Amino acid sequence: MHKSIFRNLLILVLMICSACQKDEQNFTYEKLNEVSITTTATSFVLTQLDSLKINPQITETIPSEEGLSYEWIVYLQGADDKASLLSVDKNLKSKINLAPGNYSIRYKVTSKKTGVSSFQLYGLIVNGAFYQGWMVSNNKDGQAKLSFIRTDDVLFLSPAENINNKTYPGKVIASYSAIDRNIALTLLFTDQGIYRFNANDFIENGTASSIFSERKAVVSTAAYGLNKGAYDQYIVMDGGLYGGIGPAFYPAQVLTPFSERFTGDYSLFPAIISSSSNSTYFYDNKNKRFMQSEFFGRSIWPAAATSESQHSFNMADVGMTMIACDYGVQSVFFDDELYFVMQNNAGARYLYSLEGDLPGINQFINNSPDINIANAFATSSVTKQLYYSAGNKIYLYDITANLSRLIYSFPADVLIKDIKMLRSTSKRIVVAVNKGAVGEVFYFDLSNVGDFVGNTYVKKFEGFGEIVQLSYRK
């Protein structure tokens with residue numbers, strides 16, 4: 001028994017001594033290169049199609065001969081699974097062709113020797129490049145062109161072509177935008193098709209085959225817009241009326257197809273007359289009468305008759321052909337004033353108006369040179385004035401005095417195609433002219449009495465083909 005205990009104690013002592021022996025193994029520790037990234041800013045705001053430049057400062061604790069690799073990745077916030085590569089250079093210099101929105105940029109710097117990476121995140125807000133300005137519909141090189149003059153005077157000659165990498169065949173008819181807090185769309189009409197874009201970035205989101213349940217091609221005239229309150233979208237095309245869901249209550253359905261042509265015996269002037277908070281009006285040039293459609297409705301009928309003993313004309317039986325339509329005084333919540341240039345069977349021209357649902361002016365346009373051949377019209381929203389063009393001349397019509405005067409003449413070889421009022425101020429007239437197949441756009445500022453300040457233009461834009469129409473993207 002004693003020998004057994006002694007033997008066990010001896011084994012235990014030997015084990016303890018062995019465990020306490022000094023570890024003679026040698027380990028070599030190599031310090032890693034630590035990379036730090038610093039920049040003067042970590043968040044950026046820019047306009048789509050502008051260039052983003054970021055020059056980070058890279059610091060290494062142990063610079064290595066093998067060097068570093070770089071990667072710039074951008075992704076929409078909340079959708080980091082849909083990332084795209086911007087650059088593999090140390091410094092970022094990239095043209096941002098992203099849809100408007102909030103993005104994150106991840107900058108990764110990796111040691112080529114160890115594979116260890118360092119990261120820096122940046123915030124990026126992209127605003128639409130085409131937030132406000134003039135759309136210029138023109139034809140150039142056998143193609144329909146939609147150009148854009150932004151409110152800061154930056155000119156884009158073919159943004160839809162460049163962004164979508166495609167051309168738009170045929171001759172342009174018109175272009176319009178519909179803008180509301182839940183919708184920002186632009187439609188381009190040509191004699192061979194219809195194209196729809198996001199108004200903020202000109203990314204195409206529809207053609208005739210998706211806008212309508214069956215393919216349609218515009219041949220001669222078109223208009224597009226929202227009614228007052230944005231309950232419905234309307235297209236007036238070759239005299240017919242088509243309805244679409246508006247953004248006021250159903251914003252998720254604004255891209256669903258439009259209805260078939262509203263049934264009835266009519267041929268509409270290409271204008272959506274959103275004067276009233278109750279109904280939307282249209283003008284039937286076939287039967288010389290106003291017509292109306294109710295909100296959310298898909299039918300059209302003659303407007304109710306108005307007694308000429310109490311009003312200036314009978315809306316159900318006007319007896320005139322509409323030549324032009326433009327806004328007068330506008331209101332956000334209440335009824336608007338709209339003006340109309342009308343022509344009787346003898347070619348004489350009249351100025352009519354609606355104030356909401358009721359007839360306003362019915363006035364023969366007197367003492368006005370070239371009024372019977374005038375081709376473009378623009379009315380003021382602050383004064384009783386109307387501008388019209390004939391050939392190379394622009395006249396100012398004083399509605400109250402019922403007389404006109406010549407205020408500007410272009411050279412004899414210039415033909416004025418369209419004139420529009422900058423509605424936000426009514427202090428600027430925009431004029432589109434053609435000299436053969438070459439178009440130009442001019443800005444004229446207005447004095448308090450309506451004349452062109454300095455009797456000359458303040459801006460001129462070139463590079464267009466033959467201009468067909470101007471319209472404003474709010």
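Atoms considered below: every heavy atom in the structure, side chains included; atoms not considered: hydrogens, waters and symmetry mates. These numbers were taken from a predicted model, which means no experiment stands behind them.
Aromatic ring centroids of Phe442 and Phe410 lie under 6.0 Å apart. If you look at Tyr457 and Phe452, their ring centroids are not closer than 6.0 Å.
Taking all atoms of both residues into account, the shortest heavy-atom contact from Leu396 to Val449 is CD2-O, 3.8 Å. Nearest heavy atom pair, residue Leu354 against residue Ser275, reads CD1-OG, 4.1 Å. Considering every non-hydrogen atom in both Thr263 and Ile300, the closest pair reads O-CG2, 3.8 Å. Considering all non-hydrogen atoms of both residues, Ile163 and Asp201 come closest at CD1-O, 3.0 Å. Taking each heavy atom of Ser147 and Pro159 in turn, the nearest pair found is CA-CD, 4.2 Å.
Rounded to the nearest 0.5 Å, atoms CD1 (Ile194) and OG (Ser209) are 10.0 Å apart. From Trp72, atom CH2 reaches atom CG of Leu85 across 11.5 Å, with rounding to the nearest 0.5 Å. If you take OH on Tyr339 and OG on Ser381, they are separated by 8.5 Å, rounding to the nearest 0.5 Å. Residue Ile272 holds its CD1 atom at 8.0 Å from CD1 of Ile235, rounded to the nearest 0.5 Å. Leu124 contributes atom CG, which lies 8.0 Å from atom CD1 of Ile54 (distance to the nearest 0.5 angstrom). With values rounded to the nearest 0.5 angstrom, Lys393 atom NZ is found 13.5 Å from Ile407 atom CD1.
The 12-atom threshold is not exceeded at CD of Gln57, counting heavy atoms of other residues, nucleotides or ligands nearer than 6.0 Å. Counting non-hydrogen atoms of other residues, nucleotides and ligands closer than 6.0 Å to NZ of Lys420 gives a total above 12. Within a 6.0 Å radius of CG in Asn448, other residues, nucleotides and ligands contribute 12 heavy atoms or fewer. Heavy atoms of other residues, nucleotides or ligands lying less than 6.0 angstrom from CD of Glu34 number 12 at most.
Both the sub-6.0 Å distance and the 45° axial angle are satisfied by Arg261 relative to the ring of Tyr266.
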>> Pair Leu92, Leu52 - check side-chain contact (heavy atoms from CB on, under 4.5 Å), show working.
In response: CA-CA 7 Å; Leu92 178 65; Leu52 176 61; 3.9 Å; yes
> Going through the distances and angles, do Ser87 and Lys93 end up as a side-chain contact (heavy atoms from CB on, under 4.5 Å)?
Replying inline: CA-CA 8 Å; Ser87 176; Lys93 182 180 180 182; over 6 Å; no
>> Asp445 vs Lys459, test: salt bridge (Lys or Arg N to Asp or Glu O under 4.0 Å). Steps then yes/no.
In response: CA-CA 9 Å; Asp445 285 345; Lys459 291 284 184 180; over 6 Å; no
>> Let's go through Asn162 and Phe156 carefully: what are the C-alpha distance in whole Å and the side-chain angles of both, what is the deciding distance for side-chain contact (heavy atoms from CB on, under 4.5 Å) to 0.1 Å, and is it a yes or a no?
In response: CA-CA 10 Å; Asn162 296 336; Phe156 302 87; over 6 Å; no
>> Show, in sequence, the C-alpha distance, side-chain angles and deciding distance for Phe130 and Phe197, and conclude whether the ring pair (Phe, Tyr, Trp, His ring centres under 6.0 Å) test is met.
In response: CA-CA 11 Å; Phe130 311 102; Phe197 309 92; over 10 Å; no
> Does the side-chain contact (heavy atoms from CB on, under 4.5 Å) test come out yes or no for Asp326 and Leu386, once each step is laid out?
Replying inline: CA-CA 10 Å; Asp326 203 9; Leu386 177 147; over 6 Å; no
>> side chain to side chain donor-acceptor pair (under 3.5 Å), that's the test. Do Asn375 and Ser389 meet it? Break it down for me.
In response: CA-CA 6 Å; Asn375 66 307; Ser389 65; 3.0 Å; yes
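Ring pair Tyr231/Phe295 is tilted by interplanar angle, where 30° to 60° counts as tilted. Ring planes of Phe202 and Phe148: perpendicular class, angle over 60° (limits at 30 and 60°). Tyr250 and Phe296 have perpendicular rings, their planes meeting at more than 60° on a 0 to 90° scale where under 30° would count as parallel.
Residues Asp232 and Glu294 have side chains not in contact (no heavy-atom distance under 4.5 Å, counting atoms from C-beta outward). The closest side-chain heavy-atom distance from Asn200 to Gln48 is not below 4.5 Å. Residues Tyr168 and Glu204 form a side-chain contact, since some pair of their non-hydrogen atoms from C-beta on lies under 4.5 Å apart. Between Ile96 and Leu49 there is no side-chain heavy-atom pair separated by less than 4.5 Å. Residues Ser274 and Asp336 fail the side-chain proximity criterion, which asks for heavy atoms closer than 4.5 Å. Put simply, the side chain of Tyr443 does not reach to within 4.5 Å of the side chain of Leu422, judged on heavy atoms. Here the side chains of Leu446 and Tyr387 are in contact, with some heavy-atom distance below 4.5 Å. A 4.5 Å side-chain heavy-atom check between Tyr107 and Lys90 finds at least one atom pair inside the cut-off.
Between the side chains of Asn127 and Thr47, no donor-acceptor pair of N or O atoms lies under 3.5 Å. Of the N and O atoms on the side chains of Asn392 and Ser409, not one donor lies less than 3.5 Å from an acceptor on the other residue. No side-chain N or O of Tyr242 forms a donor-acceptor pair with one of Gln233 less than 3.5 Å apart.
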Review item, side-chain donor-acceptor pairs of residues 97-105, under 3.5 Å, at least two apart:
from	atom 1	to	atom 2	distance (Å)
Tyr103	OH	Ala99	O	2.7

Would you mind writing out the side-chain donor-acceptor pairs for residues 278-285 within the sub-3.5 Å range, not counting sequence neighbours?
from	atom 1	to	atom 2	distance (Å)
Asn278	ND2	Asp357	OD2	3.0
Ser279	OG	Gln292	NE2	3.2
Tyr281	OH	Asp357	OD1	2.7
Tyr283	OH	Met320	O	2.5
Asp284	OD1	Ser267	N	2.9
Asp284	OD1	Lys286	N	3.0
Asp284	OD1	Asn287	N	3.4
Asp284	OD2	Asn287	N	3.4
Asp284	OD2	Asn287	ND2	2.7
Asp284	OD2	Arg289	NE	3.1
Asn285	OD1	Met322	N	2.7
Asn285	ND2	Met322	O	3.4

With a cut-off of 3.5 Å and sequence neighbours excluded, list every side-chain donor-acceptor pair involving residues 170-183.
from	atom 1	to	atom 2	distance (Å)
Ser175	OG	Ser137	OG	2.7
Tyr176	OH	Ala222	O	3.1
Ser177	OG	Thr186	OG1	2.7
Asn182	ND2	Pro247	O	3.4

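Under the side-chain hydrogen bond (donor to acceptor under 3.5 Å, both in side chains) criterion, Thr110 pairs with Ser117, not counting sequence neighbours. For Glu355, there are no side-chain hydrogen bond (donor to acceptor under 3.5 Å, both in side chains) partners, not counting sequence neighbours. Under the side-chain hydrogen bond (donor to acceptor under 3.5 Å, both in side chains) criterion, Ser94 pairs with no residue, sequence neighbours left out.
Of the candidates Lys140, Lys166, Lys145, Glu161 forms a salt bridge (Lys or Arg N to Asp or Glu O under 4.0 Å) with just one, namely Lys145.
Salt bridge present: Lys460 and Glu440 bring a charged side-chain N and a carboxylate O closer than 4.0 Å.
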